[in-house]
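For reference, the structure is listed below as structure tokens.
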2 protein chains.
Amino acid sequence: MLEYIILGFLMTKERSGYDLKRCMTQTTSYFFDASFGSIYPALKRLTQKGLVTFREDVDGGKFKKVYRITDSGRTAFMQWVGEPITFERSRQDHLVRVFFYEFLPRQTAVDNLKDLMLQVTRVAQGLTEQKGEMERRYDVHQFPYRYATLLYGVEYYDLVLRWCDDLIDDLKSDSATPRHAGHE
Amino acid sequence: MLEYIILGFLMTKERSGYDLKRCMTQTTSYFFDASFGSIYPALKRLTQKGLVTFREDVDGGKFKKVYRITDSGRTAFMQWVGEPITFERSRQDHLVRVFFYEFLPRQTAVDNLKDLMLQVTRVAQGLTEQKGEMERRYDVHQFPYRYATLLYGVEYYDLVLRWCDDLIDDLKSDSATPRHAGHE
DNA sequence: TAGGTCATGTAAAGAGTTACATGATTTT
DNA sequence: AAAATCATGTAACTCTTTACATGACCTA
């Protein structure tokens, strides 16, 4: 997967490993991210397979390896991107603890959910700004897919926030039956 | 994480590795799942740490190891479940390809998105049925967290479906500008 | 008797992160 | 002069899946 994402980013222009990391952090990190520890080995593998080449560049004294996609790289990417999308149920780690919140005092549950909302709000803010910037600067109909993935992110975070809020409301209105009583 | 989920499932009753797998598939698979290849080693580790014990059972000739949570297991679980929830941006693999759909002919994009919708619909159906069954059989206010996580799943799949649908609509209304033209 | 389900387990491989090592340049 | 950023890379570790091995019981 990572290798194809790298190829995808190289489809439009040549980039260094460092550039690729920045790309991901800025544009895809809300649905896919990778560390240097996986990017550099991936670039090595792609080079060995002949899907990318690189030139060494000294830009202002700084040593750089700038990667460019090859023709077979383009072919491999085009083959991959056209394949049917396989829907994988994605792990939602934040749900795991909540699933077991029956064992927690209601107040702790509410506090932790509120804290979760704060975290999500922070992440969501960055995305919403990106979306606004895109709407201001471009005609979004020209980039339907980039815009759609951004929208997905904004709506997803919105869902998580609404969900937390609804659950907190539900817990407050119903504080007469503390489910955590009786354990042990 | 897996070890705590196992402890969580053992909080209410004793279960075998096989039971635990069935539990997860039935109740948490839309946000967390694990294979036998990770469950059995996890149970071994939990036993070594003294957080669970087991008894060997021969149920109708079938050999079973039934695990029970210990007191230190309960303590460890209660400590974990009360910790603040850390929100991790979760990978949404289905978005990765779509992010690069500018390189695909519009018709292929639409076809693949429709196929994705079919897959999601199938997964969503199971969850919606579970939700309906819970509403019929129990007073959902008695199980706010189980019900909330179910709701999350239903709403999440709904979001994905609406998102696909909106994107397909957008692509149809705007078919005059095929963005894929011009590559290679 | 063949295939399905119940039941446990291991080994190899895959995919990734974290931490570290290195060193130049740029900003404070 | 220190700290941050740019830039590449490796090694150890973690977590996980897939594939396999084993064997009993159940059902068509």
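No hydrogens, no waters, no symmetry mates; every other heavy atom, side chains included, goes into these values. Since the model is a prediction, treat every value here as computed from it, not as a measurement. So you know, we letter chains A, B, ... as the sequences are listed, proteins then strands, and number each from 1.
Judged purely by distance below 3.5 Å, without hydrogens or angles, the side chains of B:Tyr101 and B:Asn112 pair a donor atom with an acceptor atom.
Taking 4.0 Å as the cut-off between side-chain N and carboxylate O, B:Asp166 and B:Arg162 do not count as a salt-bridged pair. Salt-bridge formation is detected for the pair B:Asp33/B:Lys21: a Lys NZ or Arg NE/NH1/NH2 atom is positioned less than 4.0 Å from an Asp or Glu carboxylate oxygen. In summary, A:Asp169 and A:Lys172 do not engage in a salt bridge, as defined by a charged side-chain N under 4.0 Å from a carboxylate O.
Nucleic acid contact class of B:Phe63 (heavy atoms, under 4.0 Å, all strands): sugar-phosphate only. Using a 4.0 Å heavy-atom criterion, one finds that A:Gly17 contacts the sugar-phosphate atoms exclusively. Residue-level contact check: A:Arg91 touches the backbone only, with heavy atoms under 4.0 Å from sugar-phosphate atoms and none from bases. Among the heavy atoms of the strands lying under 4.0 Å from A:Asp33 are primed sugar atoms or P, OP1, OP2 only; no base atom is included.
Here the side chain of A:Ser35 is nearest to one of C:dG16, D:dT8, C:dT18, namely C:dT18. Nearest nucleotide to the side chain of A:Ala34, out of C:dT17, D:dT17, C:dT8: C:dT17. Closest to the side chain of B:Leu2, out of C:dT8, D:dC6, D:dT16, is D:dT16.
Comparing B:Leu43 and A:Arg45, the nucleotide of DNA chain C nearest to each residue sits closer to the 5' end for B:Leu43. A residue-by-residue look at A:Ile39 and A:Lys62 shows that A:Ile39 has its nearest nucleotide of DNA chain C further toward the 5' end.
Side-chain N/O atoms of A:Lys44 include one lying less than 4.0 angstrom from OP1 or OP2 on D:dT10. The shortest distance between the side-chain N/O atoms of B:Lys65 and the OP1/OP2 oxygens of C:dG9 is below 4.0 Å. Between B:Arg22 and C:dC6, a side-chain N or O to OP1/OP2 separation shorter than 4.0 Å is absent. Here A:Ser38 does not reach the OP1 or OP2 of C:dG16: none of its side-chain N or O atoms lies under 4.0 Å away. For the pair A:Lys64 and D:dA7, the criterion of a side-chain N or O lying under 4.0 Å from OP1 or OP2 is met.
The aromatic ring centres of B:Phe31 and A:Phe99 sit less than 6.0 Å apart.
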**Study point:** Evaluation steps, side chain to side chain contact (heavy atoms under 4.5 Å, CB included), between B:Thr70 and B:Lys49
**Key:** CA-CA 10 Å; B:Thr70 64; B:Lys49 291 179 198 166; over 6 Å; no
Result block: side-chain N/O donor-acceptor pairs under 3.5 angstrom for residues 76-84 of chain A, not counting sequence neighbours:
| residue | atom | partner | partner atom | Å |
| --- | --- | --- | --- | --- |
| A:Gln79 | NE2 | A:Glu83 | OE2 | 3.2 |
| A:Glu83 | OE1 | B:Arg97 | NH2 | 2.9 |

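Each end of the helix from C:dT1-D:dA28 to C:dT28-D:dA1 gets its own axis, taken as the rotation carrying the C1' atoms of four end pairs onto the next four within a five-pair window, and the two axes meet at 30° to the nearest 10 degrees.
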